[in-house]
Amino acid sequence: MRNQGPCAIIFVMLDTHFVRSNLELVKKKVEAKGIPFADDRFVAIDQRRRRLLSDSEELKSRKNKVARETGFLKKSGAPTREMELRSIELSKQIGDLEKELAAVEAEFQDFLLNIPNLFHDSVPVGGDPGANEVLREWGDKPVFAFPPRPHWELGEDAGTLDFGRAAKVSGSRFAVYFDGLARLERVLVQFMLDVHTGEHGYREVLPPFLVNDASLVGTGNLPKFKDDLFKVEGYNLYLVPTAEVPLTNLHRDETLDEARLPLKYAAYTPCFRSEAGSHGKDIRGLVRQHQFNKVELLKFTTPDRSYAELEELTADAEAILKKLALPFRTTVLCSGDLSFSSAKTYDIEVWMPARADYLEISSCSNFESFQARRAHIKFKGRDGRKEFVHTLNGSGLAVGRTVAAIMENYQDAEGRVRVPEALRPYFGGRDRL
RNA sequence: GGAGGGAUGGCAGAGCGGUCGAAUGCGGCGGUCUUGAAAACCGUUGUCCCUUUACGGGGACCGUGGGUUCGAAUCCUACUCCCUCCGCCA
């Protein structure tokens with residue numbers, strides 16, 4: 001196991017050569033994501049950096065030569081003072097150049113780290129969620145003989161959800177579950193993992209729930225999205241915002257064997273998010289909490305297979321909703337709605353009767369080599385060449401939202417909730433919560 | 001928390017401050033031999049960056065950062081991680 005310093009080093013999100021020789025394309029794609037791209041600034045920093053680099057390396061080369069010759073002279077007993085002075089002079093010049101270079105390098109890294117991933121050509125171009133495209137819908141929306149109630153009302157009335165006490169114990173945006181509902185959440189985790197490991201071929205992982213900064217840089221959460229994270233005071237540790245972070249970084253700084261790809265992992269973790277900037281949004285219920293449970297699917301694959309793997313991964317997530325008989329639709333996100341790191345994303349949205357609308361319950365993305373570059377994850381092909389892997393992940397599923405969806409879709413006129421058929425074995429055959 | 005030991009190439013394991021990017025073994029790759037395989041033998045085998053149309057040239061990297069020196073894998077220092085022992089603790 002290689003140890004890491006507190007700070008991650010040389011991270012490059014897009015290949016600098018690629019950016020350099022495809023400036024127009026990069027600018028176009030970045031700006032289609034709604035983020036300005038200062039191509040002139042890139043060119044300026046890039047040129048300055050390379051100039052300084054070759055200058056200082058030239059001086060180093062001379063210094064190395066002088067030092068070597070000094071060694072030989074010393075051995076033969078000849079005077080070396082003149083050589084030593086020359087070397088000291090060179091060191092001074094190198095020091096000056098390197099100081100300048102370090103500043104430029106930092107600026108360059110910062111610039112690169114803040115360029116989002118480029119979207120795939122199959123992604124619809126558009127500025128807002130209105131440009132997302134619905135690909136398919138599944139299931140029959142339940143018909144009620146009464147107005148369906150929101151899950152938080154059902155829960156609070158039944159005494160199985162308690163937001164008041166959660167606020168006392170922790171604060172806003174937390175929940176306490178009791179009884180059958182607590183069991184439902186636990187059972188769903190197990191059900192999802194059982195399906196993904198048993199039927200879809202994922203390897204089960206139980207990762208740490210605290211991760212260091214290098215891991216977060218690897219997945220693209222840092223440096224740009226620091227405010228979304230909970231940091232542990234006094235430590236270089238953060239609460240995981242998703243299992244994607246520990247799972248992706250499982251193979252940070254590694255070269256994988258192509259013959260063993262794709263690697264498929266499934267993990268349950270709680271997820272912690274500050275939800276900075278979401279004040280007033282989804283304040284009621286289980287939809288937007290500081291802490292929620294999620295089963296995450298993650299794949300490491302070769303570039304040629306990554307889009308086929310994305311389809312499969314999305315189907316794996318959908319399979320859970322099908323087994324639970326929850327109606328859903330799947331959409332492809334447009335360029336403007338894509339996350340920072342993603343090249344293509346499918347959102348799976350579950351039907352929520354009380355709001356009579358769909359709610360995102362899974363997000364399945366192909367990051368291509370974006371995270372692999374940041375986290376240095378490569379594979380070695382049969383020809384012996386090393387190449388960056390592609391990483392993909394998706395929720396399979398967000399558990400709290402699944403609970404909410406079950407409550408609302410399976411409610412009856414008395415405000416009770418039926419247990420979905422597929423979960424009955426986990427409830428000792430019981431059919432009500 | 002206290003006391004020690006350690007960190008070198010895919011792995012194992014050397015390395016008087018100066019031709020050390022690094023001996024050696026294993027593994028990997030190519031070849032000879034063989035009907036084939038094994039064995040044996042021969043050769044080969046790190047990553048990143050800058051530059052060059054190319055051949056090539058140059059730089060960095062021996063856990064990480066800083067320092068000493070004309071010159072550092074080798075010396076000093078701080079940090080991180082790992083191992084052993086003691087204490088404490090789910």
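Throughout, a chain's letter reflects where its sequence line sits, starting with A, and its residues are numbered from 1.
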A:Leu101 CG to B:C49 C1', in whole Å, measures 11 Å

Does B:U74 have a Watson-Crick or wobble partner in any strand here, with both distances under 3.5 angstrom, and which is it? none

For RNA chain B, whose closest nucleotide is more 5', that of A:Ser54 or that of A:Lys75? A:Lys75

Pick the P atom in B:U34 and in B:U47, then give their distance to the nearest Å. 35 Å

Do A:Asn293 and A:Tyr268 have side-chain atoms, one donor and one acceptor, less than 3.5 Å apart? yes

With distance as the sole criterion, is a donor-acceptor pair present between the side chains of A:Thr248 and A:Glu244 under 3.5 Å? no

Does B:U53 have a Watson-Crick or wobble partner in any strand here, with both distances under 3.5 angstrom, and which is it? none

Who is the Watson-Crick or G-U wobble partner of B:U19, with both distances under 3.5 Å? none

Give the rounded distance in Å between these two atoms: NZ of A:Lys380 and P of B:U45. 13 Å

Counting heavy atoms from C-beta on, name the nucleotide in B:C50, B:A60, B:C70 closest to the side chain of A:Glu84. B:C70

Taking the six-membered ring of A:Phe292 (Phe, Tyr or Trp), confirm whether the NZ or CZ of A:Arg401 is under 6.0 Å from its centre and within 45° of its axis. no

If B:C81 has a Watson-Crick or G-U wobble mate with both distances under 3.5 Å, name it; if not, just say none. B:G6

Take atom P in B:G17 and the same atom in B:U74, then report the distance between them in whole Å. 11 Å

Using the rule given for side-chain hydrogen bond (donor to acceptor under 3.5 Å, both in side chains), can you reason through A:Ser341 versus A:Asn117, listing the C-alpha separation, both sets of side-chain angles and the distance that settles it, and then say yes or no? CA-CA 5 Å; A:Ser341 309; A:Asn117 201 359; over 6 Å; no

Distance check: side-chain N/O of A:Asn236 vs OP1/OP2 of B:C79, anything under 4.0 Å? no

Quick check: A:Phe370 with A:Phe340 (ring centres under 6.0 Å apart)? yes

Under 4.0 Å, counting only non-hydrogen atoms across every strand here, what does A:Lys378 touch: a base, just sugar-phosphate, or nothing? sugar-phosphate

side-chain N/O A:His17 vs B:C50 OP1/OP2, d < 4.0 Å: yes

Could you give the distance separating B:C62 and B:A12 at their C1' atoms, to the nearest angstrom? 16 Å

Derivation of the side-chain contact (heavy atoms from CB on, under 4.5 Å) call for A:Thr219 and A:Gln371: CA-CA 5 Å; A:Thr219 39; A:Gln371 294 179 327; 3.8 Å; yes

Assign A:Lys63 to base, sugar-phosphate, or nothing according to its heavy-atom contacts below 4.0 angstrom with the strands shown. sugar-phosphate

How close or far is atom P of B:G71 from atom CD of A:Glu69, stated in whole angstroms? 15 Å

For A:Leu53 and B:G59, what is the distance between atoms CG and C1' respectively, to the nearest whole Å? 8 Å

Using the C1' atom on both, measure B:G87 against B:U77 and round to a whole Å. 29 Å

Rounded distance in Å between the P positions of B:A37 and B:U32: 11 Å

Is there a side-chain contact between A:Arg50 and the phosphate of B:U51, meaning an N or O under 4.0 Å from OP1 or OP2? yes

Separation between the C1' atoms of B:G46 and B:U84, rounded to whole Å: 32 Å

Looking at A:Leu298, A:Thr242, A:Thr391, A:Asn393, which hits side-chain contact (heavy atoms from CB on, under 4.5 Å) with A:Leu247? A:Leu298

Base partner of B:C61, which must satisfy Watson-Crick or wobble distances under 3.5 Å: B:G46

Rounded to the nearest angstrom, tell me the gap between atom CD in A:Glu98 and atom P in B:C50. 16 Å

Taking only the C1' atom of each, what is the distance from B:U8 to B:A72 in whole angstrom? 14 Å

Please state whether the phosphate of B:G58, meaning OP1 or OP2, lies under 4.0 angstrom from any side-chain nitrogen or oxygen of A:Asn64. no

Ranking A:Ala67 and A:Glu58 by the position along RNA chain B of their nearest nucleotide, the one closer to 5' is A:Ala67

Roughly, in whole Å, what's the span from CD in A:Glu57 to C1' in B:A60? 7 Å

Whole-Å distance, A:Lys60 NZ to B:G59 C1', equals 6 Å

Whole-angstrom distance between B:G9 and B:C48, as gauged at atom C1': 14 Å

Report the base-pairing partner of B:C41 (Watson-Crick or G-U wobble, both distances below 3.5 angstrom), or none. B:G31

For A:Thr70, answer base if it contacts any base atom (sugar-phosphate contacts may also be present), sugar-phosphate if it contacts only those atoms, and nothing otherwise; contact means non-hydrogen atoms under 4.0 Å. base

Rounded to whole Å, the NZ-C1' distance (A:Lys92 to B:U69) equals 17 Å

